[in-house]
There are 4 protein chains.
Amino acid sequence: MKPEYKKNSDKHRRIIEAAVKVFAKNGFFNSKVSEIARAANVADGTIYLYFQNKDDILICLFEEEMAKVLENMRHALSGITDPPKKLEHFALAHLSLMEQHHELAEIIQVEIRQSSKFMKEYTNEQFHQYLNIISEIIKEGQAQGVFRQDILPGVAKRAFFGALDEMSRYWVLSSVKKYSITMAAKQISDFFLKGMLQHNSES
Amino acid sequence: MKPEYKKNSDKHRRIIEAAVKVFAKNGFFNSKVSEIARAANVADGTIYLYFQNKDDILICLFEEEMAKVLENMRHALSGITDPPKKLEHFALAHLSLMEQHHELAEIIQVEIRQSSKFMKEYTNEQFHQYLNIISEIIKEGQAQGVFRQDILPGVAKRAFFGALDEMSRYWVLSSVKKYSITMAAKQISDFFLKGMLQHNSES
Amino acid sequence: MKPEYKKNSDKHRRIIEAAVKVFAKNGFFNSKVSEIARAANVADGTIYLYFQNKDDILICLFEEEMAKVLENMRHALSGITDPPKKLEHFALAHLSLMEQHHELAEIIQVEIRQSSKFMKEYTNEQFHQYLNIISEIIKEGQAQGVFRQDILPGVAKRAFFGALDEMSRYWVLSSVKKYSITMAAKQISDFFLKGMLQHNSES
Amino acid sequence: MKPEYKKNSDKHRRIIEAAVKVFAKNGFFNSKVSEIARAANVADGTIYLYFQNKDDILICLFEEEMAKVLENMRHALSGITDPPKKLEHFALAHLSLMEQHHELAEIIQVEIRQSSKFMKEYTNEQFHQYLNIISEIIKEGQAQGVFRQDILPGVAKRAFFGALDEMSRYWVLSSVKKYSITMAAKQISDFFLKGMLQHNSES
DNA sequence: CATGAATGAGCTTTCATTCAT
DNA sequence: AATGAATGAAAGCTCATTCAT
């Protein structure tokens with residue numbers, strides 16, 4: 001069994017951070033392990049003291065970064081009790097995060113969903129939990145009677161996440177921001193809360 | 001200049017179809033040209049009579065298949081005039097298509113957005129037009145006064161497509177279908193039309 | 001009535017002529033058979049009706065062109081009886097020919113001597129005869145008593161040819177002609193006739 | 001930027017030496033990198049730690065070996081002051097070297113002048129210097145009044161080198177030595193010094 | 001723990017040659 | 001005779017991974 005070394009080691013951290021940059025720039029398959037090593041200021045062989053192989057770098061990267069994203073989101077929503085407000089805040093927090101950490105965003109957008117290795121064989125627990133924050137909000141709202149009972153939380157969570165995700169992909173890939181983060185977040189949460197039909201907007 | 005041969009050649013078709021299967025199974029980077037050749041029942045070298053290189057196979061594949069998807073969608077919506085109905089039909093048609101052509105769906109989901117080659121450098125005209133079908137519906141609805149005027153069609157088209165896309169990714173990757181296509185399509189278009197709030201039409 | 005022009009000799013010649021151009025431009029190994037075919041305005045497959053393979057094109061090219069060179073040289077020397085004058089004329093004729101047919105010159109310079117295929121296994125009869133024109137002149141001169149008896153014609157023919165050959169290589173490769181053909185020919189034949197020492201012609 | 005490693009590394013040397021053998025045997029284009037690797041007792045990939053590509057092997061080989069040849073020749077002529085004697089010694093030293101290092105000779109004969117890569121695009125500094133040893137001798141002789149003033153050193157250097165080169169090609173390619181090195185060297189330098197005319201040999 | 005030179009399997013692509021038309 | 005689409009072997013080069021130091 002591999003010694004596994006200390007995850008909190010300086011080198012481990014540096015390699016992950018280097019990998020985020022390198023994968024975001026070139027994509028997973030076009031990135032060379034030696035390039036990550038150089039960016040992390042370690043020897044090629046050192047990578048293999050901390051990670052099993054190249055795939056493992058991506059998996060660890062994803063899990064560790066997603067854990068942060070998850071924690072970040074939970075913290076961002078912690079003070080809010082109203083489910084619709086929560087949803088609105090989720091949208092804002094998600095898009096803000098994707099904007100701030102655009103390299104990570106690009107990897108999540110592009111690399112993670114890329115290979116059957118990572119989305120089929122590899123069960124994506126962190127991502128699952130992230131999506132479930134949304135469905136929990138919806139269930140909560142249904143319990144409180146503010147959301148319609150016929151909504152399937154399992155469908156809604158994906159639809160809502162997908163809407164945000166596609167919007168941030170647009171930002172990640174186009175680099176020109178036609179719409180502000182706050183406006184986009186407001187629009188998207190509005191779609192899901194009030195819909196787009198005219199009479200819905202009457203107050 | 002490469003002779004380009006006849007695009008309607010039997011071989012061109014066979015190679016594209018083989019590539020759809022092979023790319024869907026292994027992903028672009030894990031697919032070998034020789035594997036596509038074998039699947040297409042042609043020699044390795046024959047591939048290069050019809051395509052410039054491996055990348056070119058993916059680009060052609062995407063353009064040709066997207067053209068079909070686009071045409072298919074336009075045809076599916078041709079009889080419908082009511083914008084909300086159109087949106088509902090778009091959802092259904094999109095999810096149905098993704099289900100029927102799950103290999104193509106997987107490639108669109110996973111490969112196309114994967115590489116800088118295909119989403120950054122390569123301007124994705126067909127995909128753009130596909131998204132614009134949605135924004136056109138919304139603009140039409142706004143003109144008719146059925147959709148709220150404050151909706152940004154450029155945001156809404158992405159949000160709506162993203163919602164559908166994430167849903168179909170779930171199907172593509174999980175293979176277990178918890179929800180029916182029709183139900184999911186209905187739910188998603190409902191979110192966007194009526195929102196999720198309980199008493200939307202009430203003030 | 002059929003045109004009845006010699007089809008095969010026409011094509012054969014066109015292919016040889018095309019090959020001269022193509023080999024001179026790219027070198028033998030960097031030349032593609034299809035490029036020769038295109039230059040000769042025939043189909044790829046047609047080449048193989050007239051030549052066994054790519055090597056055979058070079059061999060035939062060399063033999064046919066060398067036959068012409070040989071004939072040309074014999075004709076150029078036909079009117080001259082004085083061996084020293086013959087040598088001088090050989091130099092001039094050789095360099096003139098190389099200048100006029102620089103593509104052929106380049107092939108002789110560069111390709112022919114290039115592969116063991118062509119200079120080891122392949123006995124180069126035409127080239128041999130060409131060299132022997134020189135040794136015959138020398139023997140003739142020795143018989144007439146104008147050339148020193150201690151000269152080995154077998155060494156002298158190579159030395160003389162090599163001197164001319166290196167000079168024409170310089171022209172073939174540099175394209176800037178610092179010295180005129182006639183001056184170079186005069187100098188080189190002078191070296192071999194009178195030597196370079198100061199008072200050679202004094203007795 | 002490639003690390004370039006230490007040129008004095010054992011491997012660099014071994015690869016060059018292996019390449020000399022392999023290129024001499026098969027010619028550059030018919031030699032496989034893997035064959036060189038095998039001959040050098042290194043892995044295929046190791047070649048690319050020391051050389052950029054196959055072409056680079058030939059270029060480095062030529063530069064390093066020519067540097068040695070150059071040094072060798074300068075050393076051989078160092079003790080001699082009389083220009084005619086120098087020329088005679090040049091001939092002897094050149095032919096001796098070509099005989100001793102016949103594999104290198106074969107490459108210089110055959111490969112170097114073969115490709116536009118090496119004689120057109122690639123300026124051949126070492127070779128130039130080698131030729132200029134000859135022209136320097138001639139200029140020296142002219143300054144001392146022992147060589148005729150009308151001799152163009154730029155023509156003479158090529159003529160003299162060409163004469164020697166053609167002679168050594170004969171040896172390299174034929175493997176049967178009809179004439180001894182010393183006799184050939186003496187003959188060739190005699191041609192250039194005293195010429196071939198009868199009265200020239202009178203002293 | 002760290003290194004980085006060495007490895008070699010494996011890939012894309014080319015192109016001389018063939019053969020059905 | 002002529003064609004040129006198809007073939008498939010072959011080779012240069014890359015790069016994840018290892019292991020002696």
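Between the CG atom of A:D10 and the P atom of E:dC1 there is a distance of 11 Å, rounded to whole Å. Distance, D:I57 CD1 to F:dC13 C1': 11 Å, rounded to whole Å. The distance from atom CZ of B:R38 to atom P of F:dA9 is 13 Å, rounded to the nearest whole Å. Atom pair A:I36:CD1 and F:dC15:C1' shows a separation of 12 Å (rounding to whole Å applied). Rounding to whole angstrom units, CD1 of residue D:I15 and C1' of E:dA5 are separated by 12 Å. The interatomic distance linking D:N26 (CG) with F:dA10 (C1') rounds to 15 Å, in whole Å. Atom CG in B:N41 sits about 13 Å away from atom C1' in F:dT7, given to the nearest Å. Straight-line distance from the CG atom of A:L49 to the P atom of E:dT3: 9 Å, rounded to whole Å.
For the side chain to side chain contact (heavy atoms under 4.5 Å, CB included) with D:K68, the qualifying choice from D:M66, D:E65, D:E64 is D:E65, the only one to do so.
DNA chain F forms stems at E:2-21 with F:2-21, each a run of 3 or more consecutive Watson-Crick or G-U wobble pairs whose two key distances fall under 3.5 Å.
Checking the phosphate oxygens (OP1, OP2) of E:dA5, no side-chain nitrogen or oxygen of D:K11 falls inside 4.0 Å. At the phosphate of E:dA6, OP1 or OP2 sits under 4.0 Å from a side-chain N or O atom of D:Y50.
Considering CG of B:N53 and CD1 of B:I47, their distance stands at 11.5 Å, rounded to 0.5 Å. In this structure, A:I59 CD1 and A:Q52 CD are separated by 8.5 Å, a value rounded to the nearest 0.5 Å. In this structure, D:I36 CD1 and D:D44 CG are separated by 10.0 Å, a value rounded to the nearest 0.5 Å. Between the NZ atom in B:K21 and the CD1 atom in B:I16 there is a gap of 12.5 Å [rounded to 0.5 Å].
Taking atom C1' in both E:dC1 and F:dT21, the straight-line distance is 13 Å, to the nearest Å.
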Under 4.0 Å protein heavy-atom contact, by nucleotide of nucleotides 15-21 of chain E - B base, S sugar-phosphate only
SSBB---
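Aromatic ring orientation, A:F51 versus A:H12: parallel (interplanar angle below 30°, classes split at 30° and 60°). Using cut-offs of 30° and 60° for the angle between ring planes, the A:F127 and A:F62 rings count as tilted.
A cation-pi arrangement is found for D:K54 relative to D:F28, the charged atom lying closer than 6.0 Å to the ring centre and inside a 45° cone about the ring normal.
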Checking D:E106 against D:K25 for the salt bridge (Lys or Arg N to Asp or Glu O under 4.0 Å) test, could you report, in this order, the C-alpha distance in whole Å, the side-chain angles of both residues, the deciding distance, and whether it holds?
CA-CA 9 Å; D:E106 194 157 346; D:K25 182 158 65 79; over 6 Å; no
